[in-house]
Trainee: 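After the structure tokens below, expect a handful of questions from me.
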Amino acid sequence: MTDAPHIPVMLNEVLAALQPTANEVYVDGTLGAGGYTRGILNADKNCKVIGIDRDQTAHDLASQWGADYAGRLTLVKNSFGNLEEALSEIGVESVDGLVLDLGVSSMQFDEADRGFSFRFDAPLDMRMDRNTGETAADIVNGMAEEELANLIYLYGEERKSRHVASAIIKARAVSKITTTKQLADIIRSVIHVSPRDKIDPSTRTFQALRIAVNDELGELESVLSAAERVLKVGGRLVVVTFHSLEDRIVKNFLNEKARPAPSPSRHLPMALDAPLNRLSFSLITKKPVLPTESEMKINPRARSAKLRSAIKLGDS
Ligand SMILES: C[S@@+](CC[C@H](N)C(=O)[O-])C[C@H]1O[C@@H](n2cnc3c(N)ncnc32)[C@H](O)[C@@H]1O
């Protein structure tokens with residue numbers, strides 16, 4: 001592991017939305033380097049946090065700082081997509097808040113042998129939980145061309161996805177693609193860098209593979225649906241996203257769950273027995289909260305962040 005620190009993104013805004021309060025219990029579904037967890041535990045000396053991460057590295061790191069919060073911090077190694085199961089294993093049914101800071105941490109990105117970054121030559125892995133599931137190498141060596149092109153297009157928003165997929169298929173027919181460098185070279189052979197390009201041509205394909213390997217969008221859908229059941233009335237949901245695919249899922253979820261039920265139109269009167277759109281959340285801010293200019297200057301990772309938050313409503 002390198003020493004590059006992970007600077008928590010929009011921590012002040014997260015705390016403002018979550019409002020840590022004495023005797024309340026919060027879930028940090030993306031423990032990482034513990035930036036949010038520590039922020040919450042420091043904001044109120046009598047609240048508790050359940051820190052979840054599926055990456056053992058986050059837990060190893062927490063063993064260095066967790067003792068400062070003895071009795072107030074519970075660590076769980078699991079995926080946040082299994083939120084209810086993970087909580088029931090520690091005897092918890094409901095909580096007062098859930099915060100998520102999606103994606104990979106700077107630590108994971110900077111750990112060369114994880115294979116998340118084309119900056120290092122490493123095995124093409126990209127699993128957050130290194131004990132389970134397919135690696136990025138399994139996908140690039142095993143997936144059919146069309147499926148691979150669609151994956152790179154959808155998750156990487158790469159317009160040249162078909163060229164990339166075709167180059168991968170040709171290269172793997174010669175020899176198995178096992179390293180980040182091999183893959184980055186294949187991508188660069190079909191997407192030429194122009195001086196105007198701000199990002200490396202591999203960025204989008206690497207993002208697509210990372211999302212697929214870790215089922216990042218499926219995990220997000222599962223945790224949002226679980227939040228509806230696990231949050232107490234008045235509990236707060238705070239989600240920080242880093243790209244449009246994630247943000248769209250959170251936005252659509254909250255649009256559906258927090259939008260007022262449409263009033264019956266006089267041209268199309270609602271049948272008396274039509275089911276009402278049951279609302280389960282009320283938005284804390286109507287628009288997403290964005291990082292300040294000064295935060296973006298200090299922490300480039302914050303540039304694409306968007307924070308959305310909502311309060312769980314009771315049955316009405
Ligand atoms: C951006 S980092 C979080 C950083 C943290 N907020 C901090 O300030 O230190 C995201 C973390 O969430 C973890 N993670 C991502 N998706 C996950 C999932 N579905 N289940 C559990 N952990 C996940 C990653 O392993 C990573 O450690």
Side-chain angles (χ1 to χ4, degrees), residues 1 4-15 17-18 20 26-43 49-62 64-66 69 73-87 89 97-111 114-117 125-133 155 207 210-227 230 238-243 245-247 249-250 291 295 298-307:
M1 197 197 301
H6 179 96
I7 312 171
V9 171
M10 298 179 80
L11 178 60
N12 292 335
E13 292 82 354
V14 165
L15 295 176
L18 198 64
Y26 303 98
V27 171
D28 178 352
T30 50
L31 175 71
Y36 286 4
T37 289
R38 278 181 279 184
I40 298 166
L41 291 166
N42 292 337
V49 172
I50 299 165
I52 301 178
D53 205 296
R54 60 178 163 184
D55 188 341
Q56 185 56 40
T57 311
H59 294 275
D60 295 344
L61 198 64
Q64 294 168 24
W65 56 264
Y69 303 97
L73 172 64
T74 308
L75 297 172
V76 178
K77 183 164 182 303
N78 208 327
S79 293
F80 58 62
N82 300 329
L83 184 64
E84 284 163 298
E85 196 185 292
L87 292 182
E89 276 170 16
L98 166 65
V99 62
L100 299 168
D101 178 13
L102 299 173
V104 281
S105 66
S106 329
M107 294 185 303
Q108 288 166 325
F109 209 61
D110 290 343
E111 252 183 289
R114 304 298 299 266
F116 285 111
S117 173
D125 188 330
M126 301 199 195
R127 288 170 303 166
M128 291 183 192
D129 178 353
R130 279 193 272 193
N131 295 324
T132 173
Y155 294 168
Q207 169 182 300
R210 194 202 82 204
I211 291 176
V213 164
N214 297 291
D215 185 23
E216 292 183 30
L217 305 183
E219 283 282 309
L220 180 56
E221 304 230 357
S222 304
V223 74
L224 292 176
S225 139
V230 158
V238 181
V239 189
V240 179
T241 63
F242 291 89
H243 54 76
L245 300 169
E246 290 169 341
D247 184 57
I249 291 175
V250 181
E295 175 169 7
I298 299 165
N299 186 6
R301 204 180 96 81
R303 266 188 237 133
S304 49
K306 278 189 182 167
L307 182 157

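Counting starts at 1 for both ligands and their atoms, following the listed order.
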Trainee: What is the closest protein heavy atom to atom 10 (C) of ligand 1, and at what distance does it sit?
Mentor: Gly103 O, 3.2 Å
Trainee: Please confirm whether Glu216 comes under 4.0 Å of ligand 1, counting heavy atoms of the residue only.
Mentor: no
Trainee: For Ser105 and ligand 1, does the shortest N/O to N/O distance drop below 3.5 Å?
Mentor: no
Trainee: Dump the intermediate steps for side chain to side chain contact (heavy atoms under 4.5 Å, CB included) on Tyr26 and Val99, then the final yes or no.
Mentor: CA-CA 8 Å; Tyr26 303 98; Val99 62; over 6 Å; no
Trainee: Does NZ or CZ of Arg210 come closer than 6.0 Å to the centre of the six-membered ring of Phe116, within 45° of the ring's axis?
Mentor: no
Trainee: For Gly103 and Glu246, work out which heavy atoms get closest and say how close.
Mentor: N-OE2, 4.0 Å
Trainee: May I ask whether Ser106 has any heavy atom positioned less than 4.0 angstrom from an atom of ligand 1?
Mentor: no
Trainee: What's the shortest distance from atom 7 (C) of ligand 1 to any protein heavy atom, and which residue and atom give it?
Mentor: Gly35 N, 3.3 Å
Trainee: Going by the atom numbers of ligand 1, which of them fall below 4.0 Å from some non-hydrogen atom of Asp101?
Mentor: 1 (C), 2 (S), 3 (C), 4 (C), 5 (C), 6 (N), 10 (C)
Trainee: So which heavy atom in the protein is nearest atom 22 (N) of ligand 1, and how far is it from that ligand atom?
Mentor: Arg54 N, 3.3 Å
Trainee: Which atom pair, heavy atoms only, marks the closest approach of Leu73 to Gly51?
Mentor: CD1-N, 4.4 Å
Trainee: Would you name the heavy atoms of Asn78 and Ala86 that are closest together and state the gap between them?
Mentor: ND2-CB, 3.7 Å
Trainee: How close does the nearest protein non-hydrogen atom get to atom 3 (C) of ligand 1, and which residue and atom is it?
Mentor: Thr30 O, 3.3 Å
Trainee: What atoms in ligand 1 come closer than 4.0 Å to a heavy atom of Gly29?
Mentor: 21 (C), 22 (N)
Trainee: Identify the closest protein heavy atom to atom 27 (O) of ligand 1: which residue and atom is it, and at what distance?
Mentor: Asp53 OD2, 2.7 Å
Trainee: Looking only at protein heavy atoms, which one is nearest to atom 14 (N) of ligand 1, and what is the separation?
Mentor: Met128 SD, 3.7 Å
Trainee: For Arg127, is there an ion pair with Asp129 - N to carboxylate O distance below 4.0 angstrom?
Mentor: no
Trainee: Considering distance alone, does some N or O of Val104 sit under 3.5 Å from an N or O of ligand 1?
Mentor: no
Trainee: Where do Asp53 and Gly32 come nearest, in terms of heavy atoms and distance?
Mentor: OD2-N, 2.9 Å
Trainee: Work out whether the distance between some heavy atom of Leu102 and some atom of ligand 1 is less than 4.0 Å.
Mentor: yes
Trainee: Test of understanding: given a 4.0 Å heavy-atom threshold, classify the contact between Leu31 and ligand 1 as side chain, backbone, both, or neither.
Mentor: backbone
Trainee: Write down the atom of Leu102, the atom of Arg301, and the distance for their closest heavy-atom approach.
Mentor: O-NH1, 4.4 Å
Trainee: Could you see which bit of Asn78 sits under 4.0 Å from ligand 1, with heavy atoms only: side chain, backbone, both or neither?
Mentor: backbone
Trainee: Any N/O of Gly34 closer than 3.5 Å to an N/O of ligand 1?
Mentor: yes
Trainee: With a heavy-atom distance limit of 4.0 Å, tell me whether Gln108 approaches ligand 1 through its side chain, its backbone, both, or neither.
Mentor: side chain
Trainee: For ligand 1, find out whether one of its N or O atoms is nearer than 3.5 Å to an N or O atom of Arg301.
Mentor: no
Trainee: Considering only the protein, which heavy-atom contact is closest to atom 19 (N) of ligand 1, and what is its distance?
Mentor: Glu219 OE1, 2.7 Å
Trainee: For atom 20 (N) of ligand 1, what is the closest protein heavy atom, and at what distance to 0.1 Å?
Mentor: Phe80 N, 2.8 Å
Trainee: Are any of the heavy atoms in Val9 under 4.0 Å away from ligand 1?
Mentor: no
Trainee: Yes or no: does Asp215 have any heavy atom under 4.0 Å from an atom of ligand 1?
Mentor: no
Trainee: Give the numbers and elements of all ligand 1 atoms closer than 4.0 Å to a heavy atom of Pro8.
Mentor: 8 (O)
Trainee: Polar-atom distance check: Asp55 versus ligand 1, any N or O pair below 3.5 Å?
Mentor: no
